[in-house]
Every structure is written in structure tokens, then in C-alpha cells.
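Heads up: the structure comes next, in C-alpha cells.
Protein chains get the first letters and strands the later ones, always in sequence-line order, with residue 1 at the start of each. Note that these values count all heavy atoms, side chains included, but never hydrogens, waters or copies made by symmetry.
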There are 2 protein chains.
Amino acid sequence: MSEADRAAVAVLRASVLKLGRRLRNQRADESLSPTQLSVLTILVARGAMTPGELARHEKVQPPSMTRVIAGLEERGLVRRDPHPEDRRQITVTATEPAAEVVAESRKLGNAWLAAHLEALSDEELAALRAAVPVLERLAQL
Amino acid sequence: MSEADRAAVAVLRASVLKLGRRLRNQRADESLSPTQLSVLTILVARGAMTPGELARHEKVQPPSMTRVIAGLEERGLVRRDPHPEDRRQITVTATEPAAEVVAESRKLGNAWLAAHLEALSDEELAALRAAVPVLERLAQL
DNA sequence: TATTGTTATACTCTATAACTATA
DNA sequence: TATAGTTATAGAGTATAACAATA
């Protein structure tokens with residue numbers, strides 16, 4: 001890896017961290033946390049999953065996922081049911097209103113980012129668009 | 001903005017948040033926090049600045065910057081001096097060992113990210129490299 | 001009055017360690 | 001013994017509100 005690459009890595013890291021902090025702080029108080037939204041999105045898309053599966057997917061520890069699920073359950077967005085085969089496990093399922101909440105929360109949460117994207121040039125937007133799948137892959141490695 | 005753009009924005013946001021969480025949790029316990037490292041880097045590069053200037057630059061609130069500076073001062077990495085012109089303000093200056101700490105901490109902090117970049121193809125790396133300046137700009141808008 | 005920095009306080013998110021129930 | 005989920009606890013990082021000193 002060249003010196004220029006190392007510098008780029010440092011800038012990438014700092015930018016992701018700063019941008020992440022701003023995205024976290026920008027969301028409305030009543031909206032879902034990033035992890036809550038991410039979990040609910042997966043559940044809406046894929047159906048029931050266990051807490052352990054969700055924790056592995058989100059790269060968080062199991063106790064953190066317990067809290068995330070508890071928050072979603074309080075709002076009536078997920079249901080916890082006995083696992084059909086293994087009584088140690090449970091299944092978490094998105095409830096009927098979850099799909100709409102996902103759509104709405106995502107819209108609100110993206111508002112700040114979408115607004116700031118307006119300030120970018122076409123070339124910058126194109127570069128960003130090309131990098132989005134790479135960032136997505138990097139985030140789940 | 002097209003529907004595809006909205007979806008891309010959602011993925012970008014989720015990816016930045018998830019990647020940011022992993023980058024935060026990945027650093028060693030004794031290393032500097034992201035904001036501490038960022039502040040120290042600026043001070044090493046630009047010389048003395050006031051807490052207010054640093055807070056605006058990092059997009060954090062002044063009390064948060066006070067804490068960041070206190071942490072750096074405890075480690076002997078910055079010095080707080082009276083401001084030469086305005087006695088309400090102070091100047092924050094990087095000390096002699098700061099430059100080396102910045103280089104070392106950055107190297108450690110980037111290790112996880114650099115290691116994971118190895119898994120990407122040349123095309124993905126090129127896309128990422130092109131997007132780094134855009135992400136940097138977005139982070140400081 | 002307005003501005004700068006600080007102190008006091010609280011909140012969100014995540015982590016580790018220890019516990020319970022089941023396999 | 002090993003695994004899944006939970007509870008208890010702690011820590012990092014940031015925010016808002018209130019305060020002191022200075023402009």
C-alpha cells in the first residue's frame with residue numbers, strides 16, 4: 001500500500017466517523033435509532049429472525065440486540081414469539097405497522113443527507129453513487 | 001430526486017452509520033478517540049486554535065470540545081494558554097510529542113480499515129478512492 | 001448585552017460479565 | 001458442557017442548560 005493510499009485511508013476513516021456522528025445527531029427525537037431502523041428493515045424484508053441472527057448481521061453483541069429489540073417491541077413494531085424448534089431461542093417478527101414506519105422513518109432520517117447532497121456537483125454525485133455499494137460491502141465485512 | 005437516488009441515499013446513510021460504529025469500536029483502548037485524533041491532527045497541522053474554532057471545525061458543541069481538549073491535556077498532548085488579544089478566549093497548542101502520537105495513533109486506528117480494504121477488488125478500490133474527497137466534503141458541510 | 005469557555009447533568013448506544021433456561 | 005437470550009453494570013461520547021468572566 002502506497003503512502004498516498006495510507007493517507008486516503010486516514011481521510012476515509014475520519015470522514016466516515018464525522019459524517020456518522022452528524023447523521024446520528026441529526027435524526028428527530030422520536031425516530032428510530034440507526035440500529036433499530038436497520039433491524040426493522042431486515043425483518044420487514046426477510047420475515048422472522050432470531051436475536052442471535054440479528055446481532056450477527058448488525059455486528060453488535062447479543063445484549064445490545066436485546067435492547068434494540070426491546071425498544072422496537074415497546075413501540076409495537078416487532079413481536080417476540082417462541083421458536084418452533086428450539087426453546088432456548090425466540091423469533092422476532094415485524095408487526096403490521098412496521099413497514100410504514102420503516103418507510104417514514106427512513107424518509108425523515110435521510111432528509112438531512114439528501115439536502116446536503118444537493119450541494120454536490122454532478123461529478124461528485126456520480127463518484128459517490130459508484131462508491132455506495134462498496135461502502136455497503138465494507139460495512140458488512 | 002429519483003426513487004433510485006432515494007434508495008441509494010438510504011443505503012449510503014446506513015452504511016456510513018454501520019461502518020462508523022465498527023471503526024469506533026475497533027480502536028485500541030489506549031488510543032485517542034476519533035474526535036481527539038481529529039483535533040490533534042488539526043492542531044499539529046495548523047498551530048494554535050481556540051476551543052470555539054475547534055468546535056466549529058469538528059461540528060460539535062463547545063462543551064463537548066472542552067472535554068476533548070481536557071482529555072488531550074491530561075495526556076500532555078496539548079497546552080492551554082491565555083489568548084493574546086481576548087481574555088475570554090484561550091489558545092490550544094499541540095505539544096512536542098503530539099506529532100508522533102498523531103502518526104502512531106492514526107496508523108493503529110487505520111489498521112482495521114486497511115486490512116478490510118484488502119478484500120476489495122481493484123474496481124471497488126478505485127470507486128472508493130474517487131469518493132473519498134466527496135465524503136470528506138460532505139462531512140464538513 | 002453578547003460572546004467565550006466551563007461546569008453540571010443527562011441521555012443514547014454499546015460493551016463485558018454474570019445468570020437462567022434449554023440443548 | 002455448550003448455546004441462546006437476558007439482566008446488571010459500566011463506559012464512551014455527545015448534548016442542553018446554567019454559570020462566570022470578559023468584551
Inset, instruction - Identify whether any heavy atom of Q61(A) sits under 4.0 Å from a base atom; if not, whether one sits that close to sugar-phosphate; answer base, sugar-phosphate or nothing. - result: base
Legend entry - Sugar-phosphate only, base, or nothing, as touched by P62(A) at under 4.0 Å among non-hydrogen atoms: base
Legend entry - Rounded interatomic separation in angstrom, taking CG from L54(A) and P from dT6(D): 11 Å
Inset, instruction - Check whether any side-chain N or O of S64(A) sits under 4.0 Å from OP1 or OP2 of dC13(C), and answer yes or no. - result: no
Legend entry - Side-chain donor/acceptor of R67(A) to base of dT14(C), under 3.5 Å: yes
Inset, instruction - Quickly work out the D81(A) CG to dG5(D) P distance and round it to whole Å. - result: 13 Å
Inset, instruction - Figure out the CG/P separation between L37(A) and dC13(C), and round it to whole Å. - result: 12 Å
Inset, instruction - Please report, rounded to the nearest Å, how far the P atom of dA2(D) is from the CZ atom of R88(A). - result: 13 Å
Inset, instruction - Carefully, step by step, assess T35(B) and R21(A) under the rule side chain to side chain donor-acceptor pair (under 3.5 Å). - result: CA-CA 10 Å; T35(B) 306; R21(A) 186 179 62 220; 2.9 Å; yes
Legend entry - Check: S64(A) side chain, V60(A) main-chain N or O, donor-acceptor pair, under 3.5 Å: no
Legend entry - Comparing R87(A) and R56(B) on DNA chain C - which has the more 5′ nearest nucleotide: R56(B)
Legend entry - Of L23(B), L128(B), L19(B), the residue whose pairing with L12(A) passes side chain to side chain contact (heavy atoms under 4.5 Å, CB included): L128(B)
Inset, instruction - Using only side-chain N and O atoms of T50(A), determine if any of them is under 4.0 Å from OP1 or OP2 of dG5(D). - result: yes
Inset, instruction - Scan P63(B) against the nucleic acid and name what it touches under 4.0 Å (heavy atoms): base, sugar-phosphate only, or nothing. - result: base
Legend entry - Interatomic distance, E74(B) CD vs dA12(D) C1' [rounded to whole Å]: 14 Å
Inset, instruction - Answer yes if the side chains of R24(B) and S33(B) hold a donor-acceptor pair under 3.5 Å, and no otherwise. - result: no
Inset, instruction - Starting from P on dT6(D), measure out to CZ on R80(A) and report it in whole angstrom. - result: 5 Å
Inset, instruction - May I have the distance from E58(A) (atom CD) to dA15(C) (atom P), rounded to whole angstrom? - result: 11 Å
Legend entry - Distance in angstrom units between E85(B) CD and dT3(C) P, rounded: 18 Å
Inset, instruction - Tell whether R21(B) reaches the base of dT14(C) with its side chain through a donor-acceptor pair below 3.5 angstrom. - result: no
Legend entry - DNA chain C: 5'-proximal contact among T35(A) and D86(A) (nearest heavy atom): T35(A)
Inset, instruction - Could you tell me whether E73(A) and R79(A) make a salt bridge, using a distance below 4.0 angstrom between a side-chain N and a carboxylate O? - result: no
